[in-house]
J.: 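Okay, here's the structure, questions in a sec.
In what follows, chains are A, B, ... by sequence order, proteins preceding strands, each numbered from 1. All values derive from a computational prediction rather than experimental measurement.
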Amino acid sequence: MKVWEIRELLRICSKNSILKGGIRLHGVLVKMGLKSDVVTNNDLIDMYGKCGKTEVANQVFERMPEKNVVSWTVLISGYLYGGNPRKALKVFDRMCSSDVRPNEFTLSTVLKACCFVGVVENGVQIHGLCTKSGYESYPVVSNTLLHMYSRSGLIKEARKILDVMPVKSLISWNAMIGGYVTAGREREALFLFREMQKVLNVVADEFTYASILKACSCVGAFREGLQVHASVMTSGYVSSSGNEILTGALIDLYVKTRNLAEAKKVFDGCSLRNEIMWTTLIIGYSQEGLVMESMDLFSRLWRSGISIDGFVLSTVIGVFADFSMIEQGKQLHSYTHKVPSGDDVSVGNSIIDMYIKCGLTDEAEQKFREMPRRNVVSWTVMINGHGKHGNGHSAINLFEEMQKPKEDKSGGLQPDEVTNLAILSACSHSGLVEECWKYFTAMQHDNQTKLTVEHYACMVDLLGRAGKLKEARSFISNMPITPNAGTWQTLLSACRIHGDVDLGREVGDILLNIDGDNPVNYVMLSNIHAEGGGFEECARLRKMMKRKRLKKQGGCSWIEVEKRAEVFYGGDKWHPLTEKIHEVLKEVERRMKEENGYSCEVRFAMHDVDGESKEDVLRMHSEKLAVGLGLLVCGREGEVIRVYKNLRICGDCHEFMKGVSVVVKRVLVIRDANRFHRFENGNCSCGDYW
DNA sequence: CTAGGGTTAG
């Protein structure tokens with residue numbers, strides 16, 4: 001073999017990480033006695049580096065009597081690709097004090113290493129070096145600089161580089177567009193994409209499309225997404241052979257823009273499916289409330305033999321959590337013990353959340369305590385869980401515990417926005433007024449902490465619960481950020497609870513102005529009027545809704561029976577046991593009237609159903625139907641009946657459940673859109689305040 | 001020796 005042939009083969013081994021072949025070629029070279037050839041040694045260093053054998057690469061390097069730029073550069077890139085960017089920078093430091101000067105390739109490699117070990121700490125300094133040495137304007141260097149800044153969120157710096165580039169290649173555009181997307185500035189990414197399309201000689205490639213599809217999906221740009229989809233198809237990057245990443249991005253686009261049919265079409269048309277595509281589509285089904293379809297997809301994935309990784313597991317457990325399918329969830333929980341990905345933090349977190357959402361706080365606590373690793377999300381799930389169950393003090397204990405520095409794996413964690421929201425909401429729901437203000441003021445004074453509209457809404461809720469409606473109103477006026485619809489909805493719901501029709505009218509006007517297409521606002525406002533006797537205003541609102549073709553979201557409730565979710569909509573009659581359910585409910589109601597004088601609270605009815613008496617409408621509420629089924633099939637003494645409702649439980653049903661718990665001597669747990677209600681001996685854990 | 005892409009839990 002000639003030396004050039006060996007070098008050729010070495011490069012192939014390097015590119016494809018074929019260590020065995022590389023070692024054999026090394027052996028051949030040694031036998032030929034060519035130790036001193038710089039170029040060949042450089043190839044050896046590169047090969048060992050790319051095959052993950054950085055120590056051997058370093059040995060070859062050290063034994064070289066003379067080193068050139070390439071020797072240093074391949075050693076540095078070896079450390080970088082071997083996952084040791086710090087070491088790569090150290091070698092670069094050594095190089096700087098040697099007599100060999102870095103070139104554009106060295107600088108590009110070192111800049112890339114900076115992406116992993118801190119751009120501000122190291123990258124900026126190397127950038128200065130590029131400027132001084134005159135390499136800054138080299139395409140390799142400027143593109144890497146652009147990439148480094150854009151991916152670390154230093155968008156301004158990145159943009160500066162792009163704007164002064166004399167020649168912008170596709171790589172430059174892609175780096176900037178991708179940077180905007182990772183920074184969550186999707187609109188700017190889309191804008192830049194349009195700019196790029198105006199430039200001649202630059203044509204989008206698969207990388208551009210991947211970023212742009214993600215941008216469309218994040219902002220829900222459905223129309224633009226369709227256009228990009230068409231371009232992707234004509235570009236030929238997604239053909240019968242398929243591009244997994246683009247196909248995955250397309251499915252995600254249609255899932256996020258809530259076009260399940262199209263998502264399914266892309267999925268079905270793809271011959272090579274990976275677990276990401278499955279995961280994405282499962283999310284699509286579950287977010288549309290299609291439990292069975294979502295589960296069906298999961299069992300198809302299971303049978304397909306594709307590996308079930310942590311992403312899939314946490315997603316599917318999340319589906320069980322959303323639908324509170326505890327039996328299914330437990331089954332998957334025990335499965336996680338058998339697979340390595342079961343130890344993923346996100347999988348553990350999804351399990352805790354599942355138990356929380358199913359109302360099993362003890363099981364959640366146990367899983368939380370035995371997890372090998374925890375992160376902020378783990379703590380937040382627990383804090384939220386306690387909050388929703390009205391255990392404000394437990395939430396506070398956890399919140400304090402997580403921040404305490406500790407020797408072992410847990411604790412010493414900084415709460416983030418979501419955690420802060422959880423603790424405020426927990427305090428508010430439990431009526432811990434002082435504590436809530438204490439935390440809120442602390443957050444206001446800490447300039448590390450970001451407060452969003454939702455944090456402020458928690459305080460509005462706190463004031464509203466206490467009946468301090470005027471204070472809540474002026475609190476909103478004095479907020480440093482613009483209140484959104486949710487903020488006003490919080491106040492409006494407080495107005496309803498306290499029967500303040502006047503303030504309700506004022507808030508309602510504001511709401512209809514800024515969020516006039518949301519049926520929830522009309523329903524809430526019309527209920528306030530109805531309860532205050534203002535039936536004309538109520539009728540006026542109903543007409544407005546009709547004219548705008550707005551329909552109130554259907555309330556639905558479900559209960560898990562034999563591992564299936566039995567779903568009821570208000571007034572449903574499809575269930576085979578409908579008659580028996582009604583019989584049971586009537587019987588219970590009769591006994592309630594006799595024993596504790598319960599009477600139907602008609603003030604909570606939505607006054608929009610013709611032809612049926614208000615009392616009938618109430619009896620048909622979906623949560624009652626689900627509880628009725630529970631009474632029929634969950635016969636065991638002492639068994640807790642667990643029901644879930646997509647909206648908030650209404651006042652009448654709330655009273656009804658209290659009565660049921662007395663008459664049948666059972667515990668009922670109802671999770672609604674807002675929190676948990678545990679009915680026991682005629683009381684509710686929410687203290688009748690929700 | 002040179003740069004870039006899609007999925008998860010609160």
Side-chain angles (χ1 to χ4, degrees), chain A residues 11 14 42-43 45-46 49-50 68-78 80-81 102-112 115 138-148 150-151 169-179 181-182 205-214 217 237 243-253 255-256 274-284 309-319 321-322 341 344-354 356-357 375-385 415-419 421-422:
Chain A
R11 276 177 205 168
S14 157
N42 287 346
D43 285 338
I45 300 172
D46 183 44
K50 292 283 165 19
N68 65 13
V69 201
V70 180
S71 325
W72 286 97
T73 307
V74 284
L75 185 65
I76 292 170
S77 85
L80 176 59
Y81 286 99
N103 65 9
E104 71 270 34
F105 296 116
T106 326
L107 289 169
S108 169
T109 310
V110 175
L111 284 169
K112 213 188 160 209
C115 296
Y138 280 51
V140 193
V141 174
S142 54
N143 278 328
T144 315
L145 276 168
L146 173 52
H147 174 250
M148 177 184 81
S150 79
R151 283 311 158 114
S169 70
L170 180 59
I171 288 165
S172 330
W173 290 100
N174 282 353
M176 195 66 230
I177 291 172
V181 177
T182 34
D205 70 356
E206 47 191 319
F207 293 95
T208 330
Y209 286 129
S211 297
I212 284 304
L213 284 173
K214 191 180 180 195
S217 113
Y237 286 112
N243 176 316
E244 292 186 29
I245 289 173
L246 286 183
T247 311
L250 278 170
I251 298 173
D252 181 56
L253 167 73
V255 162
K256 293 247 167 69
N274 61 22
E275 69 279 8
I276 296 180
M277 302 176 197
W278 287 92
T279 313
T280 311
L281 197 60
I282 288 172
I283 295 166
D309 65 4
F311 280 88
V312 179
L313 276 178
S314 36
T315 302
V316 176
I317 295 172
V319 175
D322 284 342
S341 56
D344 288 8
V345 193
S346 58
V347 173
N349 291 344
S350 68
I351 291 169
I352 307 176
D353 190 46
M354 177 202 69
I356 292 283
K357 291 223 173 88
N375 61 13
V376 201
V377 179
S378 328
W379 291 88
T380 309
V381 173
M382 286 304 295
I383 292 169
N384 234 331
D416 65 11
E417 290 110 277
V418 191
T419 322
L421 193 58

J.: What is the distance, rounded to the nearest whole Å, between atom CZ of A:F105 and atom C1' of B:dC1?
T.: 7 Å

J.: How close do A:D252 and A:S217 get, counting heavy atoms only, and between which atoms?
T.: OD2-OG, 3.0 Å

J.: Where do A:R151 and A:G179 come nearest, in terms of heavy atoms and distance?
T.: NE-N, 3.8 Å

J.: Roughly how many Å is it from CG in A:L111 to P in B:dG4, rounded to a whole number?
T.: 12 Å

J.: Taking only nitrogen or oxygen atoms into account, show me every contact under 3.5 Å that the protein makes with nucleotides 7-10 of chain B, one pair per line with its distance.
T.:
from: B:dT8; atom 1: O2; to: A:S314; atom 2: OG; distance (Å): 2.9
from: B:dT8; atom 1: O2; to: A:S346; atom 2: OG; distance (Å): 2.8
from: B:dA9; atom 1: N1; to: A:N375; atom 2: ND2; distance (Å): 3.2
from: B:dA9; atom 1: N3; to: A:N349; atom 2: ND2; distance (Å): 2.9
from: B:dG10; atom 1: N1; to: A:D416; atom 2: OD2; distance (Å): 3.0
from: B:dG10; atom 1: N2; to: A:T380; atom 2: OG1; distance (Å): 2.8
from: B:dG10; atom 1: N2; to: A:D416; atom 2: OD1; distance (Å): 2.8
from: B:dG10; atom 1: N2; to: A:D416; atom 2: OD2; distance (Å): 3.2
from: B:dG10; atom 1: N2; to: A:T419; atom 2: OG1; distance (Å): 3.2

J.: How close or far is atom P of B:dT2 from atom CG of A:L80, stated in whole angstroms?
T.: 10 Å

J.: A:D205 near the nucleic acid: base, sugar-phosphate alone, or nothing, with a heavy-atom cut-off under 4.0 Å?
T.: base

J.: Can you check the A:L146 CG to B:dG4 P distance for me, whole Å?
T.: 11 Å

J.: Grab the CG-P distance between A:L250 and B:dG6 for me, whole Å please.
T.: 13 Å

J.: Side chains of A:D344 and A:N349: donor-acceptor distance under 3.5 Å anywhere?
T.: no

J.: With sugar-phosphate meaning primed atoms plus P, OP1 and OP2, does A:E244 contact a base, only sugar-phosphate, or nothing at under 4.0 Å between heavy atoms?
T.: base

J.: Please report the closest heavy-atom contact between A:E206 and A:L246, naming both atoms and the distance.
T.: O-CD2, 3.6 Å

J.: Does one side chain, of A:T106 or A:T109, offer a donor that lies under 3.5 Å from an acceptor on the other?
T.: no

J.: With a 4.0 Å cutoff (strictly under), does any side-chain N or O of A:Y81 reach OP1 or OP2 of B:dA3?
T.: yes

J.: Rounded to the Å, how far apart are A:N143 CG and B:dC1 P?
T.: 19 Å

J.: Under the criterion side-chain contact (heavy atoms from CB on, under 4.5 Å), which of A:I76, A:T73, A:L80, A:T144 is the partner of A:V110?
T.: A:I76

J.: The side chain of A:S211 lies closest to which of these nucleotides: B:dA3, B:dC1, B:dG5?
T.: B:dG5

J.: Can a side-chain donor-acceptor contact be found between A:D353 and A:S350 if the only test is distance below 3.5 angstrom?
T.: no

J.: Any side-chain N or O of A:K50 less than 4.0 Å from the OP1 or OP2 oxygen of B:dC1?
T.: no

J.: Going by centres under 5.5 angstrom and planes under 30 degrees, do the aromatic ring of A:F207 and the base ring of B:dG4 stack?
T.: yes

